[in-house]
Amino acid sequence: MREGTAPTIQRLDYQQPAFWIRKVDLTFDLDPAKTLITSKMQVERNAAVAHGPLRLHGEELNVLRVLIDGSSVSFRQEGHELIIDNAPDADFALEIRNTCCPEKNTALSGLYTSGGSFFTQCEAEGFRRITYFLDRPDVMAVYTVTLRADQAKYPILLSNGNLTDSGKLDNGRHFAVWHDPFPKPSYLFAVVAGDLVAREQRIRTRAGKDHLLQVFVRRGDLEKTEHAMNSLIASIVWDEARFGLPLDLERFMVVGVSDFNMGAMENKGLNIFNTSALLASPATATDADFARIESIVAHEYFHNWTGNRVTCRDWFQLSLKEGLTVFRDQEFSMDMAGSPSARAVCRIQDVRQLRAMQFPEDSGAMAHPVRPDSYSEINNFYTATVYDKGSEVVRMYQTLVGRKGFEAGMKLYFERHDGQAVTCDDFAQAIADANPGSALTTRLDAFKRWYSQAGTPRVTARGEHDAAARTYTLRFTQHTPATPGQTDKQPQVIPVVMGLLDRHGAALALNAAGDTETVLVLDQADQSFVFENIDAEPVPSLLRGFSAPVVLDDGLSDAALLVLMRHDTDAFNRWEAGQRLALNRILAALRAGQPLQLSPAFIESMRGVLKHPDLDPAFKELALTLPGESYIAEQLDVVDPQAIHAAVMAAQSQLASALRDDWAAAFEAHQVQGGYTPDPASSGKRALANLALSMLVLDAQTTGDTVWPGKAYQRFKDASNMTDRVGALAALVNANAALAAPALERFHALFKDDALVVDKWFALQARAPEADGRVFARAKALTKHADFTLKNPNRARSLLASLCMFNPAAFHRADAAGYVFWAEQVLAIDAINPQLASRIARAMDRWAVLAEPYRTAAREAVARVAAKPDLSPDVREIVERALA
Ligand code: PHE
Ligand code: ZN
């Protein structure tokens, strides 16, 4: 039975727990139908809190007995709590025995089975689905875990920490005992039991300690773990070198599982990964997959310090660990990429992701601060805001205090808080205290508005040159739009990394010292900065490297943007200038309601990029890719997804045809010879070749040419790696070429036994550019495909998130069929896996900005879902916020 409405939890209501649990001994008798759990806890009253009953969390459990100091004790159960009214005042031993049913656990939270093995997922509140506990991150305990299971079915038995004992039992069963010396919150607990194999590597770190690294997967997947292992080793080396943070465990284990709600999980010493974030081979994974695996392996490893050694006091502080750890994995990926240009490519990709996902969130129904003020279901707050905007906030600290200053701040943070559960304020204070007198420290209270104010700040910049005084004055204004529950916003502290260029693109000195780049710190609604000795009107290059998560209106003319695009020393701003030129044209056409026509000047500038002798192929590919439809939508007050799609398609086909010969030359010039490696240089070449091929096939559709579709099909058949193969397939499918159907069929036949590749097959079809409703019809039909299931999150997302969240023109239909489909699927998934359902539910976050007839129909669909009485609290919170 589900509760109708879940209570709202408020950040300011935080109170320490009435009891602490210092030690836990857990014994699992593992059985898919009924697992028996015995928990022996060492409990003490928290003297700092008023005397009260012991209230333990528990969900979907059967309690068998409760003992205090060996004698049975009376208890009551209320909702999801087990309450002991007369708990002793002195320290006591609490023993609870209960059962749960892993094989029926389709929510994938708590203890569940997947592919015949057992796995756990405890963040945020899954531990309470295993046994009764104070399941909150500020209760930290030392765990000893005994696992007992059938030896033939479950030869591998894993939990956190070190293996201290193992052996045989009667009836073909065996056992293993694990002890984790580090006190940890329950959300970092993990168990794995199954028939798995491991890639192993022994390493000796800088500190001279030996460690065993293991990556566990199903039999047959071992060859696909090499990249993950290499990524893990690189992460260990990097964290020691960059932040002085060593691996603190003798054994570090990583496990892959096919059924998983998220990317991966940082359980202490036993990270559990969605196989999509772990397994890669050249034949089955793309360059993007390789890069994603590297960054997620690093992310989970980095949590060992930022999250595990220092954890969150409560879930409102989630960005304390997630924002910081995303920042760390982004820095790692940039350092791994190497060259300045490859670093810029990483940065551009991260910003593109932020703008595509976080910006819409920040202006929609689910807008919330990086540190939210309230929630009803915490799983709904693992968001782009908490993760990616949170990471931008951490990046701003580094920009304000410098790289060395930031490292000093991190050091102080660990000196003060190692072993504790703390808050975002504690982090801010440590960085500030390590940098007295810095631009951060003198504005700390104002800077912390980044944690409390939702919404993307709008910054306007206008320059004025005074020829007589030889000065250039830059005036900035800022405001943050209202968001649900927050109407009045105060100015944010915004670091603007900038430079000035002359009309020919040369960098100008900004001060007497001759610096050509500086950081302006905005902290008022309206303020100006004056540069001296400026002879002629310069071109300002503002917000270099995207130094703050804001929307900037600098009012630059196309001529000025062209100067930046050709000459800026900052590669991010060179890319940005090109995107702005494209965006300006698309927006002008949309606002005028006229068909889009690219100007010859724009086309020539794109040709210049494509043929440029020095630019990296990876950078060219990003510069030649038009802004995404969701980012374009964000620039408009009223969104017509069909009009946006038509404009983007028009721009694309004009670029395809105007640069036809140059695309062909680029395709030929960027073939990678030799064996596959996912390094930035080769993946950049493949990316540009794939873009060129897709342009050529697209153009062939209009000209009737059959050569390029034929070449694409040949390349698809002969490809020696997945990047080239799926690139050629996408070129055919996206252009709706006649050869798309046979290619799709062949692809499925080749890879039908590889679930991660079949996911690509579904996603590719559901993400294809819509034309005449064909893509929607096909996606809908694919829900009936034998390989489709709502039970596997990767598979469900590959079709449904692709269609409803990443293909606006296929989803938003005048006949509302997309919305009807969405409602059906959300309700069907909700009965299986509420977390997954609520992610898909978020496709409707931005219904209120849609043009008619979409707006009314979308609202009706949301209201129909909200009217269902037995929704999960997860989906209920999303649809109710959407309607509020
Ligand atoms: N904490 C995980 C991460 O960011 C994400 C996660 C959250 C995984 C909740 C599972 C459940 O690395
Ligand atoms: Zn994380």
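Both ligands and their constituent atoms are indexed starting at 1 by order of listing. Reckoned from all heavy atoms, side chains included, excluding hydrogens, waters and symmetry mates.
The Zn ion (ligand 2) sits nearest to atom OE1 when only the N, O or S atoms of E322 are considered. The closest approach of H299 to the Zn ion (ligand 2), by N/O/S atoms, is made by NE2. Nearest N, O or S atom of H303 to the Zn ion (ligand 2): atom NE2.
Of the listed residues (H299, H303, E294, M334), just one forms a side chain to side chain contact (heavy atoms under 4.5 Å, CB included) with D329, and that residue is H299.
Ligand 1 is never approached by Q835 to a heavy-atom distance shorter than 4.0 Å.
Comparing H299, Q121, M265 by heavy-atom distance to atom 11 (C) of ligand 1, the nearest is Q121.
Taking every non-hydrogen atom of A264 and a distance limit under 4.0 Å, the qualifying atoms of ligand 1 come out as 2 (C), 3 (C), 5 (C), 6 (C), 8 (C), 12 (O). For ligand 1, the atoms sitting less than 4.0 Å from at least one non-hydrogen atom of Y387 are 1 (N), 2 (C), 3 (C), 4 (O), 5 (C), numbered in the order shown with element in parentheses. Using a 4.0 Å cut-off to heavy atoms of K321, the atoms of ligand 1 that qualify are 1 (N). Atom numbering of ligand 1 starts at 1 in the shown order; those under 4.0 Å from a heavy atom of E300 are 3 (C), 12 (O). For ligand 1, the atoms lying closer than 4.0 Å to a non-hydrogen atom of H303 are 3 (C), 4 (O), 12 (O).
Taking a cutoff of 4.0 Å between a charged side-chain nitrogen and a carboxylate oxygen, R842 and D845 qualify as a salt bridge. The pair K268-D180 fails the salt-bridge criterion, with no side-chain N (NZ, NE, NH1 or NH2) lying under 4.0 Å from an Asp/Glu carboxylate O. At a threshold of 4.0 Å, the pair R328-E331 does not count as salt-bridged, since none of the basic side-chain nitrogens sits closer than that to a carboxylate oxygen.
Between atom CZ of residue F302 and atom CZ of residue R242 there is a gap of 9.5 Å, rounded to the nearest 0.5 Å.
A side-chain donor-acceptor contact under 3.5 Å links R797 to the backbone of N261. Using modelled atom types, one side-chain atom of E300 and one backbone atom of E266 make a donor-acceptor pair closer than 3.5 Å.
Only the side chain of M262 comes within 4.0 Å of ligand 1, judged by heavy-atom distances. The proximity of A124 to ligand 1, defined as any non-hydrogen pair under 4.0 Å, does not occur for either the backbone or the side chain.
Shortest contact from atom 9 (C) of ligand 1 to any protein heavy atom: E123 O, 3.6 Å.
A side-chain N or O of E123 and one of Y382 form a donor-acceptor pair less than 3.5 Å apart. Counted by atom type alone, Q835 and N833 present zero donor-acceptor pairs between their side chains at under 3.5 Å.
Distances between N or O atoms of E322 and those of ligand 1 include at least one value under 3.5 Å. For a threshold of 3.5 Å applied to N or O pairs, the pair formed by E266 and ligand 1 contains at least one separation below that value.
Not a single N/O/S atom of E266, whether from backbone or side chain, sits less than 2.8 Å from the Zn ion (ligand 2).
When all heavy atoms of S872 and V875 are compared, the closest pair comes out as OG-N, 3.1 Å.
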